[in-house]
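To keep things clear, I will list the structure first and then write my remarks on it.
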Amino acid sequence: MSAVTQKPVHQLSITWPLLPDDFILPDDPVENTDQPLIAAALSQPLSFLPELSQEALIVSNFALCAAIDERMICKAPDWMYVKPVQPWQSSKPRRSYTPHTQGTIPQVVMEFLSATYGEEYSVEFTESVGKWFFYEQVIQVPIYVIFRPDTGRIEVYALESGRYITQKPNESGRYWIPGLELFLGVWEGSHELRTGHWLRWWDTQGNLLLWSEERTEQERQQKQLAQQQLEQTQTLLEQERLRAQVLEERLRSLGINPDQL
């Protein structure tokens, strides 16, 4: 595309209208069965943390909207976290989210790549607006994550001076995500009948945020340990009681009344 027909980014008019009720959102199918599972696995641990889940929008494949030169543009990140958002007042299901009008800018958006990817890296903005351009230049999302479930490769980009810059992981291979105040990293194992690479959260102390089944198993193990400790204590007390009984009988055999000692 020539420089004549390509409008400079700084001349674009970006506004934040609500999505019209009659606006037809794309109904593209999910690319594979892994994507919903990975998104749900990211969301589930956050539901146990009120400081992160309250007044937040934690969604997957959900329309993120803005208008470019009065043209309504919506993209559906595979996973998105926004806090705070205005309470949803309508009785109808929420279809979309418009930053500035309905709340703040998303703290992070994520895309999960299949074997063939599309517009995740696209900076096109004249005809078909690419996701990279939309997140970076229009919405200006602070953190953009691209994840390849098949290989476990994760790319984290942070918005610096208006451009996405590749971030480096810490010594544990994890990335700090401002706004959530958590580390994001890759974990390999089985969950929800899927075995492979997952994106997971760790807190500032390095503790893994557990899924519900892991929390249940942890509670089961804690109860089992508490029961074992109780039984050990009861056994020790019984042994002490028997020793005291033996000592008492021996004193009595020697003509000593232990009650008078």
For the atom pair [atom1] ([X]) and [atom2] ([Y]), what is the distance rounded to the nearest 0.5 Å?
X	Y	atom1	atom2	answer
Thr104	Gln86	OG1	CD	11.0 Å
Glu120	Arg148	CD	CZ	9.0 Å
Arg215	Gln222	CZ	CD	10.0 Å
Leu12	Phe133	CG	CZ	5.0 Å
Leu46	Lys83	CG	NZ	11.0 Å
Leu57	Phe62	CG	CZ	5.5 Å

Is the closest side-chain donor-acceptor distance between Tyr135 and Glu111 under 3.5 Å?
yes
Would you tell me whether Gln227 and Gln232 have side-chain atoms, one donor and one acceptor, within less than 3.5 Å of each other?
no
Mind checking whether Trp132 and Tyr157 have parallel, tilted or perpendicular rings, split at 30° and 60°?
perpendicular
Spell out, as yes or no, whether a donor-acceptor pair under 3.5 Å connects the side chain of [X] to the backbone of [Y].
X	Y	answer
Gln167	Ile165	yes
Ser122	Glu119	no
Lys75	Val129	yes
Asp69	Ser13	yes
Arg95	Phe23	yes

Would you check, one step at a time, whether the test side-chain contact (heavy atoms from CB on, under 4.5 Å) holds for Leu184 with Trp202?
CA-CA 6 Å; Leu184 178 70; Trp202 283 261; over 6 Å; no
Met72, Leu18: one ILVMFWY side-chain cluster at the under-4.5 Å cut-off?
no
Membership question, hydrophobic clusters at under 4.5 Å side-chain separation (ILVMFWY): are Ile73 and Tyr121 in the same one?
yes
Check whether the ring centres of Trp79 and Phe147 lie less than 6.0 Å apart, and answer yes or no.
no
For Glu51 and Gln54: C-alpha separation, side-chain torsions, deciding distance, then whether side-chain contact (heavy atoms from CB on, under 4.5 Å) applies.
CA-CA 6 Å; Glu51 66 274 18; Gln54 292 179 358; over 6 Å; no
Any chance you could lay out the side-chain contact (heavy atoms from CB on, under 4.5 Å) test for Leu64 and Ser96, step after step, and finish with the verdict?
CA-CA 6 Å; Leu64 176 62; Ser96 65; over 6 Å; no
Assess whether atom CD of Gln228 is packed by more than 12 heavy atoms of other residues, nucleotides or ligands within 6.0 Å.
yes
Neighbour count >12 (heavy atoms, 6.0 Å) for atom CZ, Arg250:
no
Under 4.0 Å between a Lys/Arg side-chain N and an Asp/Glu carboxylate O for Arg252 and Glu249?
no
Of all pairs that satisfy side-chain hydrogen bond (donor to acceptor under 3.5 Å, both in side chains), the ones with a partner from residues 179-201, not counting sequence neighbours:
Asp34-Arg194, Ser190-Thr195, His191-Glu213, Arg200-Glu214
Are any non-hydrogen side-chain atoms of Tyr81 and Pro106 less than 4.5 angstrom apart?
no
Using a 4.5 Å cut-off on heavy atoms from C-beta on, say whether the side chain of Leu237 contacts that of Thr235.
no
